[in-house]
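Below is one structure, written out as structure tokens, with a few remarks after it.
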Amino acid sequence: MQAARQSFRLLLTLAIAVPALGTFVRGVWPVALVFFVAGGFWLGGRRWAWVSGASFVLCVVGLVLASLLDVGLLWLLPGMIAALAAWDLDAFIVRLASVERVEHESVLVRAHLQRLGLLCAVSLLVSGVVSLMRLHLSFGLTLALALVVVVAVRFILYSLDEGA
Amino acid sequence: MLPQKRLRLVAVFGVVLVLMVLLAAALPSLTLLPEREMELPSDSEVVGTVLDLGWLIGLLIAMYAIAMIWLMPSSLRRRLAYMLLVVGGIAGLIVGLVVLLDDTVIPPLPTSLQSSRATPTHDPFVEQPLVETVIPLEVPEFVPPPRWIGTLLTLCVGTLLVVLVLVIAWHLRAHYREATLPPLAQLADEARVALNALRDGGNVRDVVLRCYFEMARVLDEAQGIRRVETVTPREFAVQLTALGLPAVPVQTLTALFEEARYGMRVADAAAADHAIASLTAIVAACEALT
């Protein structure tokens, strides 16, 4: 559990510090306040279940604002991925804490951290590749692809839910 | 999860990943234009206020798509109707925003129309010499609205459109669910058909698991009882018994499910028969409760 808490703190620091640093470099430092507020809110209000989601949304709002103000993707991508991972890990910690006795807790935590680390690495890789790619698709094709993605994601969620 | 199912899931996930990469690479260069040619006045400063909002439209469509993923029912037979709703909603959203654009940009009056609006100032009954008098119209100087008004207006209207479509979808879903709620006998028949098909395939573990999932489905659709994620199957069985369902079939099916789901031992054919019998008893009990 200690490893999970430490990883959460590390990820949250990354999610706040990296985009905030990007806003300072770009010269739009007031946006950094959004990240600091989100981080403080997240750490300070962990006793309430809704705070984690609200803080994550605030982080995303800050990232969107920063991207509109031309802060480089190099700052925003790691921040986004770290925020997502912190959100997941926070839920995992809360869930573990809600169970009275967890068998093989350290194995469970290690497995979760390994999977999360792999996911973060793949996400960084894919988003990095996407940021370098440019394609021209027609509107109709884009809409059709988006609908296929919506249905496929729903199918994946449904299958995971059924298999759980 | 079965290896075949896992493989299929991984394949779908791979396809989704590739599609999302393609979409993400294509979206920055996507331009939303109306189908028909609109003659926008080039000298109007309003154009710049409302046309540069592609990101906002993209954001609203993304919000809508995410909400639809959340709302989409799992049942296959309702998926087609829902897909139509999704397509209609997105099309409506785009049309609404294009109409908003069209209405916001007001072209200035052509000069020929301005000159024809000259009014006679003399007595109409006395014949006057035909002298064309043109009185210049006093057109107030156009002051373009600030940029944020356009952004705010589009955001409000777009959000309202999304909320409206979602509310309609929610009501339709609730209405459809009430109208097409299958009777318990039909549910039981569906469960039996599925189980027979599974049993013919010879996989006993699947039959037992399917029985438990069918029980969960029947309870959800008939009684509105749903197992919370954090509740274990055994705790759920205690809850069901407390709600008046027969204890023996519920406990039997739960025990068989736990054995099939978490146990290492291969379930025998008798387990499948027990599971089906328990499920039938639970469905009958639900019918009696209703």
Side-chain angles (χ1 to χ4, degrees), chain A residues 49 53 57 60-61 63-65 67-70 73 77 80 91-92 94-103 119 122-123 125-164, chain B residues 1-2 5-6 8-33 35 55-56 58-59 61-62 64-76 79-80 82-84 86-87 90-91 94 209-210 213 216-217 227 229-230 232 261:
Chain A
V57 169
V60 174
V61 168
L63 288 165
V64 170
L65 275 176
S67 86
L68 290 175
L69 293 168
D70 292 331
L73 271 180
L77 275 180
M80 182 72 225
F92 179 69
V94 169
R95 196 159 176 192
L96 272 190
S98 69
V99 180
E100 203 171 321
R101 189 175 65 86
V102 183
E103 281 184 26
L119 197 65
V122 171
S123 305
L125 188 74
V126 171
S127 51
V129 168
V130 165
S131 65
L132 297 173
M133 276 173 64
R134 281 293 170 270
L135 278 179
H136 287 279
L137 297 179
S138 67
F139 177 74
L141 187 58
T142 310
L143 190 65
L145 288 181
L147 284 174
V148 172
V149 168
V150 167
V151 174
V153 168
R154 187 63 188 91
F155 170 77
I156 291 171
L157 293 176
Y158 178 64
S159 301
L160 289 175
D161 195 32
E162 200 180 38
Chain B
M1 195 179 287
L2 293 169
K5 212 169 183 180
R6 188 177 293 178
R8 198 172 54 182
L9 206 60
V10 169
V12 174
F13 185 76
V15 171
V16 167
L17 196 64
V18 171
L19 288 182
M20 284 176 96
V21 166
L22 287 178
L23 278 174
L27 277 178
S29 57
L30 183 73
T31 46
L32 295 173
L33 293 172
E35 183 67 28
W55 62 271
L56 197 58
L59 184 72
I61 293 174
Y64 185 79
I66 290 167
M68 278 297 155
I69 290 174
W70 179 59
L71 280 175
M72 194 180 276
S74 51
S75 166
L76 274 169
R79 205 164 282 174
L80 187 66
Y82 227 75
M83 282 297 296
L84 288 174
V86 173
V87 176
I90 292 178
I94 293 164
L209 293 181
R210 186 62 189 253
F213 292 132
R217 189 169 73 95
R227 181 162 77 93
E229 211 177 339
T230 50
T232 63
R261 178 78 175 81

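Order of the sequence lines fixes the chain letters, A, B, ..., with proteins taken first and strands second; residue numbering starts at 1 for each chain.
For B/Phe13 against A/Ile156, the heavy-atom pair with the smallest separation is CA-CD1, 3.8 Å. Nearest heavy-atom pair across B/Ala25 and A/Val130 is N-CG1, 4.1 Å. Listed here is the closest heavy atom pair of B/Val16 and A/Ala152: CG2-CB, 3.2 Å.
Scanning for salt bridge (charged side-chain N to carboxylate O under 4.0 Å, His left out) contacts around A/Arg95 gives B/Glu229, with sequence neighbours left out. Under the side-chain hydrogen bond (donor to acceptor under 3.5 Å, both in side chains) criterion, B/Thr232 pairs with B/Glu235, sequence neighbours left out.
With values rounded to the nearest 0.5 angstrom, A/Thr142 atom OG1 is found 11.5 Å from B/Leu19 atom CG.
In this structure, chain A has a heavy atom under 4.5 Å from the side chain of B/Leu27, while its backbone stays farther away.
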